[in-house]
Chemist: 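Take a look at this one; I'll ask things after.
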Number of protein chains: 2
Amino acid sequence: MSIDRRRLIIDAAAKSFALFGYKGTTMDQVAKIANVGKGTIYTFFSNKEELFQEIMNRLIGEMKRVAEEVVDPGRKFFDNLNLVLDQLLDFREEHELAIKLSQEVKEIGTQMAQDGIYQIEKAVVGYIQQQVQAAVDKGEIKPCDPKMTAFVMLKLFMALTADWKKSHPPLDKTRVAELLRFYLQEGLAPD
Amino acid sequence: MSIDRRRLIIDAAAKSFALFGYKGTTMDQVAKIANVGKGTIYTFFSNKEELFQEIMNRLIGEMKRVAEEVVDPGRKFFDNLNLVLDQLLDFREEHELAIKLSQEVKEIGTQMAQDGIYQIEKAVVGYIQQQVQAAVDKGEIKPCDPKMTAFVMLKLFMALTADWKKSHPPLDKTRVAELLRFYLQEGLAPD
DNA sequence: CGATTGACCGTTTTAGTCATTTGGTCATTT
DNA sequence: AAATGACCAAATGACTAAAACGGTCAATCG
């Protein structure tokens, strides 16, 4: 059996997108890294956009897998939430692609990169939404719109991890977890 | 008494910054609108940046005034919070300068425009912070870091008003107010 | 004969250029 | 003394030739 060219192409593309972003990745380069003729790419993917989509789907799939690995239905909702968000953040930091895409959106505003980030966000919200629904069913948290709640959780998490450090010393994981709990779980109303 | 040229220049600059943004505003244009020689501007402001700063300070001052108008110490904290945030949002939407600066940041990423937006945010957080501190002192809300709490409130408000509508039908003011209360005041912990 | 390739094509991006415009100065005018 | 606008060095952006791009396909390979 000959080498799996599709696999070679996907690996090369993943590497290149992560290293140079969407715009910075050329089909010639992918072909070169994959040790494959440029035409071969087009027998598996009809264009650059579709190739990028494949890489994004794999990334999101892997994120889901990583998250699921850490969730324990026996644990409390907020404990799981913190673990998952941490895991995702670590994963995201590890995985250069997400970072590179964020950079690209900020620096040159590449549409495709923005779409990529949006896809990741959507997947994360979708995942949290499931967890919220389960927690509501178990009576662990109040009845609420799971989608909206998931959205609020992600935004708050991002505000505490990403936005805050734009003008303050960054918060460590423990503190972020504390704050998430403080604001969302207990609320500000006095006892 | 001769005409107040400083005033003329400030009015002209405010109009021009609001109409054309920071980059799009030229000193020649400001001079022309103000019916003043260009050199005159430099007797009052040592450069374009300083002129812009003056306009920003006035904008922020006006925002504070507008916010203070609506706050009633007799009312509950969350009622005041909603009123103030609504007022500020309306103000921001109404006031062309803030819009223009946001556009400019997104479209060409002008540093000075970014600084301007940042200044506005900082002023808003600062103002909410005061209100939070007062509410904590009155025992209306739990003891908490007022700065962090103000930050979280603004971010959550922005997420609900600005971010949410990027991929969903926008929420009306009443709903936003409900949600802010629901998540921050009562919390998700079951009764 | 189907799978693979890279030379090739029309289009877009880039780098380099220079005339124009800009923020800022200051000798002159009011 | 206050105000002005001609003037200057520096920044800008319109222009273009050259390079690089995504995508195709006739020739090649196994």
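Computed from a predicted model, the values in this text were never measured in an experiment. Chain letters run A, B, ... following the sequence lines, proteins first, then strands; residues in each count from 1.
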Chemist: Taking B:Ser16's backbone N and O only, do any of them form a donor-acceptor pair with B:Thr25's side chain (distance below 3.5 Å, no angle check)?
Modeler: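 Confirmed, B:Thr25 side chain pairs with B:Ser16 backbone.
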
Chemist: Collect all protein-nucleotide pairs involving nucleotides 20-24 of chain C in which both atoms are nitrogen or oxygen and the distance is under 3.5 Å.
Modeler:
from   : atom 1 : to      : atom 2 : distance (Å)
C:dG23 : OP1    : B:Thr25 : O      : 3.2
C:dG23 : OP1    : B:Lys48 : NZ     : 3.2
C:dG23 : OP2    : B:Met27 : N      : 2.8
C:dG23 : N7     : B:Lys38 : NZ     : 3.1
C:dG24 : OP2    : B:Tyr42 : OH     : 3.0
C:dG24 : OP2    : B:Lys48 : N      : 2.8
C:dG24 : N7     : B:Lys38 : NZ     : 3.0
C:dG24 : O6     : B:Lys38 : NZ     : 2.5

Chemist: Is there a side-chain polar atom (N or O) of A:Thr43 under 4.0 Å from OP1 or OP2 of C:dA3?
Modeler: no

Chemist: Any donor-acceptor pair under 3.5 Å linking the side chain of A:Gln131 with the backbone of A:Leu81?
Modeler: no

Chemist: What is the distance, rounded to the nearest whole Å, between atom CD1 of A:Ile108 and atom P of C:dT13?
Modeler: 11 Å

Chemist: Taking B:Asn80 for the side chain and B:Asp72 for the main chain, is one N or O donor matched with an acceptor at less than 3.5 Å?
Modeler: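 Yes; judged by distance alone, with no hydrogens or angles, the pair exists.
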
Chemist: So, does B:Arg5 get its side chain near the phosphate of D:dA2, meaning an N or O under 4.0 Å from OP1 or OP2?
Modeler: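 No, outside the criterion.
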
Chemist: For the residue pair B:Gln119 and B:Asp115, confirm or rule out a side-chain donor-acceptor distance under 3.5 Å.
Modeler: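 Checked: B:Gln119/B:Asp115 side chains show no N/O donor-acceptor pair below 3.5 Å.
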
Chemist: Would you call the rings of A:Tyr22 and A:Phe17 parallel, tilted or perpendicular, where under 30° means parallel and over 60° means perpendicular?
Modeler: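 Ring orientation of A:Tyr22 relative to A:Phe17: parallel.
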
Chemist: Starting at the 5' end of DNA chain D, which residue's closest nucleotide do you reach first, B:Gly39 or A:Gly24?
Modeler: B:Gly39

Chemist: Using a 6.0 Å distance limit plus a 45 degree cone around the ring axis, check whether A:Lys142 lies over the aromatic ring of B:Phe182.
Modeler: yes

Chemist: Mind checking who C:dT30 pairs with, Watson-Crick or G-U wobble, both distances under 3.5 Å?
Modeler: D:dA1

Chemist: Give the rounded distance in Å between these two atoms: NZ of A:Lys32 and C1' of D:dC21.
Modeler: 15 Å

